[in-house]
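Read through the structure below, which is laid out as structure tokens, and then see the notes.
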2 protein chains.
Amino acid sequence: MTPPTTAARSRLEPETRRRQIIEAVRPLYLARPYNDVSTAELAAAAGVARGLINHYFGSKRDLFLEVMRSSIRMPAEELPDLSDLPLPERVRRTMDWILTAAETYGPSWVSVSGAANLHGDSDLQLVVDEADDHAARLTLDAIGLPDDPRLRARLRATAALVKSVCREWLQRGTLTRDEALDLLTDTVLLFATKETS
Amino acid sequence: MTPPTTAARSRLEPETRRRQIIEAVRPLYLARPYNDVSTAELAAAAGVARGLINHYFGSKRDLFLEVMRSSIRMPAEELPDLSDLPLPERVRRTMDWILTAAETYGPSWVSVSGAANLHGDSDLQLVVDEADDHAARLTLDAIGLPDDPRLRARLRATAALVKSVCREWLQRGTLTRDEALDLLTDTVLLFATKETS
DNA sequence: CCCGACTATTGGCAAAGTGTCAATAGAGCG
DNA sequence: CGCTCTATTGACACTTTGCCAATAGTCGGG
């Protein structure tokens, strides 16, 4: 992998080094569980001394969370302008865009999507929640609804559904893309418009 | 907590000891993250030597998964008989039953529900998947639909939604119970009946 | 062009945690 | 009463983590 005799020590600007480490480390966490990757391995992959990881991120865990944070976030760019279409069509186009994104950036997004952590891993849960909230806001914006707290709570809930549907479609093949699109469109529409009785 | 001079060594049947350890350890994992609990602490809580944990479960991780497995499973008993009602009503009653269960057994179920782990934590993901599949089967049975693979895949997907809606309702208070019930009923009905176009 | 200060980076240390294994000691049976 | 079986223990070896003082790039002033 990395040449055994790594190049001489290079001195980078802190911000640059931070990013470089995160990027160098990402593939490791994509492939293997948190506990299976040692600080030594992380440092080796980034081509730095072990101590530097603690220096920049505090702890191994914090680096992990940083990587997750940047892997989970739904890519926001390139959302088409849908303002002229009727609501149901706007929702459908948005869901279609999400499915395409999942297909493309997918591997890292869907597998992450799968879940937060459970029980005590509240730190990771927080990161996932934050990402879901972000996705909810993006979705509301895309379909042209106001960013009301109640609406956002509902959309946040559907984020979990989007992820699990994507897993059924992409990883298990138990749903077709069209089915996924139909189901998600109807559900999001339902969550976004159903009044409190 | 535990008296420093723990009672003399007690000799139990393997199966009994297994269960005793799992139960003794559960509250620890309910309160704190996996990594924050050491084998020493687990052993102390169960009143046994550290080595015994490895003897019975192989590794610390395996004990953890065992605890999760038994915490996640949706309680199956006491499902009312709904066979006389029309489908939509059967779905509604079933969702209502689930919400009540979440409210009761909730703390451990909902928080677990939140999710699996991500990326590489495939072992935990497997446990959660298994639980979702189990829940899907129970739900199909309760609402009186055949256990078709395609249907089950769809219900499995909604399991994630049920969990996240419960979290919005119980932990954040952003949804009322009635709203949750309405939304889940409609969605499950949708997933259970919508034909492939 | 060289020197000195600043700080990014390193390498080794000490504490903590995990898994293994041979030795110990309950419990039932002849 | 002593023997065997095996649940249980305690100590050992190894890995991993976080910390800290020492090292060495890089930039600015003389």
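Naming convention: chains lettered A, B, ... in sequence-line order (proteins, then strands); numbering from 1 in each chain.
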Query raised in the report: Closest to the A/R17 side chain: C/dT9, D/dT8, C/dG19?
Result: C/dT9
**Report entry** Nucleotide nearest A/R11 (side chain, heavy atoms from C-beta), chosen from C/dC6, D/dT8, D/dA7
**Finding:** C/dC6
Query raised in the report: OP1 or OP2 of D/dT16 less than 4.0 angstrom from a side-chain nitrogen or oxygen of A/T39, does that happen here?
Result: no
Separation of [N] [atom2] from [X] [atom1] (nearest whole Å):
{"X": "A/D62", "N": "D/dC19", "atom1": "CG", "atom2": "P", "answer": "11 Å"}
{"X": "B/F57", "N": "D/dA7", "atom1": "CZ", "atom2": "P", "answer": "14 Å"}
{"X": "A/E15", "N": "C/dT7", "atom1": "CD", "atom2": "C1'", "answer": "16 Å"}
{"X": "A/L42", "N": "D/dT16", "atom1": "CG", "atom2": "P", "answer": "11 Å"}
{"X": "A/I21", "N": "C/dA8", "atom1": "CD1", "atom2": "C1'", "answer": "11 Å"}
{"X": "A/E13", "N": "C/dC6", "atom1": "CD", "atom2": "P", "answer": "19 Å"}

Requested in this report: List for me each residue that meets salt bridge (charged side-chain N to carboxylate O under 4.0 Å, His left out) alongside B/R93, sequence neighbours excluded, and say none if there are none.
Outcome: B/E89
Query raised in the report: Does a donor on one side chain sit under 3.5 Å from an acceptor on the other, for B/R17 and B/S10?
Result: yes
**Report entry** Neighbour count >12 (heavy atoms, 6.0 Å) for atom CD, B/E15
**Finding:** yes
Report task. State whether the number of non-hydrogen atoms from other residues, nucleotides or ligands found under 6.0 Å of A/R172 atom CZ is greater than 12. Result -> yes
Query raised in the report: How close do A/R90 and A/S83 get, heavy atom to heavy atom, and via which atoms?
Result: NH1-O, 4.3 Å
Query raised in the report: Mind checking whether A/Y29 and A/F64 have parallel, tilted or perpendicular rings, split at 30° and 60°?
Result: perpendicular
Query raised in the report: Quick one: on DNA chain C, does B/S38 or A/L12 contact a more 5' nucleotide (nearest heavy atom)?
Result: A/L12
Query - Neighbours of DNA chain C within residues 48-56 of chain A, by heavy-atom distance under 4.0 Å - result: A/V48, A/A49, A/R50, A/G51, A/L52, A/H55, A/Y56
